[in-house]
Novice: 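Supplied in structure tokens, the structure appears directly below.
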Amino acid sequence: MTSPMTSPQLEVRKLCKSYDEGRIQALRGVDLSITAGEFLAISGASGSGKSTLLQLLGGLDVPTSGQVLFENAALGSAIDLDTYRAHQVGFIFQAFYLLPTLNALENVQVPMLSVSANAHNRPQRAEALLVEMGLQHRLRQYPNELSAGERQRVAIARALANNPSILLADEPTGNLDSVNSARIMEMLVGIQQKRGMTLVIITHENDIAQSAPRHIRIRDGRIES
Amino acid sequence: MTLRMHEFYRAFRSLYTAVSSITAKPEDPPQVMPSQLSFASFAWKNLWRRRLRTTLTLGGITMAIGAFVALVGFSRSFEHEWLRLYSSAGTDIAVSENSFLNTSLDESVGAKLRALPLVEDAEPMIFNLMDLTPEVNALVFGWRAESYELNALTLTSGRHFRNGQPEIMLGDVLADNLKKKLGDTVEIQGSAFTVVGIYHGGSALEADAVVMPLDELQQLSSLQGKVAAFHVRLKPAPPGEDADAYLKRARLQIETALPGLHATPAAERAANNQLVVLAHAVAWGTSTIALIVGILGIVNTMAMSVFERTREIGILRALGWRSWNILLLIQTEAAVLGLVGGLIGICVGWGALRVLSVLPQTASVVSAAVSPLHLFEALGIAVLAGLVAGAVPAWRGAHLSPVEALRHD
């Protein structure tokens with residue numbers, strides 16, 4: 001495990017998460033520090049606890065014990081989880097999770113609806129993000145009219161909608177072919193570097209994991225390396 | 001009539017447009033603010049996604065609001081016509097014993113009333129609802145030939161009746177319905193009466209009514225010497241005295257002079273007479289039942305919608321939506337259902353009123369005129385019904401755990 005010299009943006013202390021009244025232990029005392037602007041890959045077998053860790057890092061769930069700290073403030077107590085998700089975190093999912101009733105432009109505006117300070121120029125800002133993803137000709141297409149790679153690019157634009165400081169991606173290339181996988185990874189790394197964002201990627205693909213400056217493996221709810 | 005047809009056409013067009021927008025092809029999604037996403041447009045798209053269910057739910061709320069507009073509109077127009085009946089004649093106060101339908105008041109009370117300082121005139125009256133033919137029944141008023149109330153009727157032909165004579169006057173609508181003219185006879189409860197006058201009344205109730213000598217109606221009803229009420233016209237209020245205060249003073253004077261009798265202002269008498277109260281009760285009762293059915297429809301729709309969109313709610317939470325954002329979205333959908341159902345319901349109810357207002361059987365008591373307040377009330381009830389119905393599903397959706405919701409299939 002790496003120990004960064006600078007103050008961590010995200011810090012996990014003795015994190016445990018169990019389900020089914022303690023019968024399933026997804027995480028067993030994980031400690032982890034992530035510096036602002038870092039690109040971290042997390043890999044592990046199915047059921048190892050990597051997605052649970054990502055959900056706790058993203059404030060989607062609360063730990064059974066232990067703490068997740070964002071800039072030294074505990075999530076869920078010092079920082080409200082909703083506020084944290086709305087302002088600091090952008091999620092990217094393997095299955096894209098675009099809303100089928102909305103076109104690309106509207107999908108990107110969805111996170112903006114939760115932040116009142118973002119009320120002005122929503123369509124223009126969404127359009128700029130989609131243009132950045134190379135989707136300037138697909139703005140008004142619905143998810144079922146887009147290819148898998150295009151859908152994931154819309155999902156990335158959506159994750160960036162509220163200009164978060166952390167990007168959490170749960171197997172973002174899991175549903176893509178090799179060409180699109182490479183393109184999405186290139187895009188994510190480019191965004192991370194250009195915006196100085198923290199990027200945490202869950203992956204089971206070795207080449208992606210190895211391409212990250214920092215890579216950890218999880219096994220049976222513990223960090224292995 | 002041209003204007004009425006035009007208005008009806010416009011209402012039909014609105015209804016047609018609303019229904020068309022719901023049943024249009026899926027390839028033509030409605031473009032509500034295509035670029036700018038708002039809670040309202042998001043809600044509309046969610047409803048649009050499940051068109052059949054949305055249409056069925058709208059059907060329920062439409063019927064409920066349609067029933068409300070038609071029935072409550074009818075009962076209010078009925079009340080309004082009673083009020084016009086008093087106001088057109090200049091009646092300020094009705095004096096009666098207990099209830100509106102009570103006919104045990106002695107006719108001799110009239111002299112005592114007329115002797116009171118504030119009373120200008122006091123006219124006895126009785127009325128009854130009677131069968132004139134197997135198909136047509138009508139209100140029959142018994143007045144004295146010298147009653148001031150006759151002055152409110154505009155004779156279109158003939159003359160006033162005379163006391164003690166088997167003579168009647170017919171309202172113009174009723175004369176048309178019965179196809180009677182001057183000199184014809186009408187049989188009422190086995191006795192023949194000659195039509196001596198046809199009039200146009202100040203109220204629709206009078207236009208579809210029979211007016212006959214009080215003594216003849218008393219005899220016909222076996223109520224000799226008895227009346228239902230006295231309609232009292234007051235002397236003008238002294239300068240500087242407020243009209244309400246003057247009315248109150250007159251009531252007090254009458255009730256003090258004639259203990260046991262009630263002096264009721266005309267407006268109150270119109271609103272509180274048993275026929276109007278009964279019409280209001282039936283209208284509100286039926287509308288409430290229809291509204292409950294409509295609300296249950298929305299509850300079902302919203303509960304199903306929240307269940308089916310559990311993962312979507314999880315996605316929204318992951319994207320930074322707060323609980324209250326989810327609550328607002330679901331409640332907006334429920335409110336939109338109420339609003340659209342309310343608008344269509346208003347068209348349906350108003351259309352029903354228009355039809356009733358021209359049918360011979362109901363034309364006398366139904367007016368197609370609906371006050372804007374009544375329409376706003378209907379719309380408010382529709383939206384409120386949507387919000388009430390959406391409350392529990394919205395609360396449930398808002399309190400789903402994001403992770404659990406994301407795992408939902």
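In the text below, chain A, chain B and the rest are named by the order of the sequence lines, each starting its count at 1.
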Novice: Kindly write out the residues that satisfy salt bridge (Lys or Arg N to Asp or Glu O under 4.0 Å) with A:Glu71, not counting sequence neighbours, or none if the list is empty.
Specialist: none
Novice: Select one option (side chain, backbone, both, neither) describing which atoms of A:Leu99 are under 4.5 Å from chain B's heavy atoms.
Specialist: side chain
Novice: Calculate, to the nearest 0.5 Å, the distance between atoms CZ and OH belonging to B:Arg311 and A:Tyr97 respectively.
Specialist: 3.5 Å
Novice: So, taking the atom named OG in B:Ser38 and the one named CZ in A:Arg122, what distance separates them when rounded to the nearest 0.5 Å?
Specialist: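 Going from the OG atom of B:Ser38 to the CZ atom of A:Arg122 covers 8.0 Å.
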Novice: Identify whether NZ of Lys or CZ of Arg in B:Arg407 sits under 6.0 Å from the centre of the six-membered ring of A:Tyr19 and within 45° of that ring's axis.
Specialist: yes
Novice: State whether the number of non-hydrogen atoms from other residues, nucleotides or ligands found under 6.0 Å of A:Met197 atom CE is greater than 12.
Specialist: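 Correct, the count exceeds 12.
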Novice: In Å and rounded to the nearest 0.5 Å, what is the CG to CG distance from B:Asn46 to A:Leu102?
Specialist: 7.0 Å
Novice: Using only atom types and a distance under 3.5 Å, with no angle test, would you say the side chain of A:Glu106 pairs donor to acceptor with the backbone of B:Leu37?
Specialist: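 No; zero donor-acceptor contacts below 3.5 Å.
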Novice: Please report the closest heavy-atom contact between B:Lys45 and A:Thr101, naming both atoms and the distance.
Specialist: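 Scanning both residues completely, I find the closest heavy atoms to be CD-O, 3.6 Å.
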Novice: Go through the steps to decide whether B:Ile315 and A:Arg158 satisfy the test side-chain contact (heavy atoms from CB on, under 4.5 Å), and finish with yes or no.
Specialist: CA-CA 12 Å; B:Ile315 297 166; A:Arg158 183 180 66 180; 4.1 Å; yes
Novice: Taking side chain to side chain contact (heavy atoms under 4.5 Å, CB included) as the criterion, tell me which of A:Asp61, A:Thr52, A:Val62, A:Leu56 meets it with B:Val403.
Specialist: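 Exactly one pass, corresponding to A:Asp61.
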Novice: If we ignore hydrogens and angles and just use 3.5 Å, is the side chain of B:Trp321 paired with the main-chain N or O of A:Ala86 as donor and acceptor?
Specialist: no
Novice: Could you work out, with side chain to side chain donor-acceptor pair (under 3.5 Å) as the rule, every residue matching A:Thr83, not counting sequence neighbours?
Specialist: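 Side chain to side chain donor-acceptor pair (under 3.5 Å) check on A:Thr83 returns A:Asp80, B:Arg322.
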Novice: Could you pull out the closest heavy-atom pair between B:Leu319 and A:Ser114, with the gap in Å?
Specialist: O-OG, 4.3 Å
Novice: Determine, step by step, whether B:Leu406 and A:Gln55 satisfy the side-chain contact (heavy atoms from CB on, under 4.5 Å) criterion, reporting the C-alpha distance in whole Å, the side-chain angles of both residues, the deciding distance to 0.1 Å, and the verdict.
Specialist: CA-CA 11 Å; B:Leu406 279 170; A:Gln55 287 161 359; 5.5 Å; no
Novice: Determine whether a donor-acceptor pair (N or O, by modelled atom type, separation under 3.5 Å) exists between the side chain of A:Arg85 and the backbone of B:Arg317.
Specialist: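 Pair found, side chain donor or acceptor close to backbone of B:Arg317.
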Novice: Using heavy-atom distances under 4.5 Å, tell me whether B:Leu316 contacts chain A through its side chain, its backbone, both, or neither.
Specialist: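 Side chain only.
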Novice: Using a cut-off of 6.0 Å, state whether more than 12 heavy atoms not belonging to B:Trp284 lie near its atom CH2.
Specialist: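 It does: B:Trp284 CH2 has more than 12 such atoms within range.
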Novice: Measure distances from A:Pro164 to the heavy atoms of chain B and classify the residue's part below 4.5 Å as side chain, backbone, both or neither.
Specialist: neither
Novice: Which one, B:Ser323, B:Ala318, B:Ser401, leads in non-hydrogen pairs under 4.5 Å with chain A?
Specialist: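 Of the candidates given, the most pairs with chain A belong to B:Ala318.
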Novice: So which part of A:Tyr84 gets closer than 4.5 Å to some heavy atom of chain B, the side chain, the backbone, both or neither?
Specialist: neither
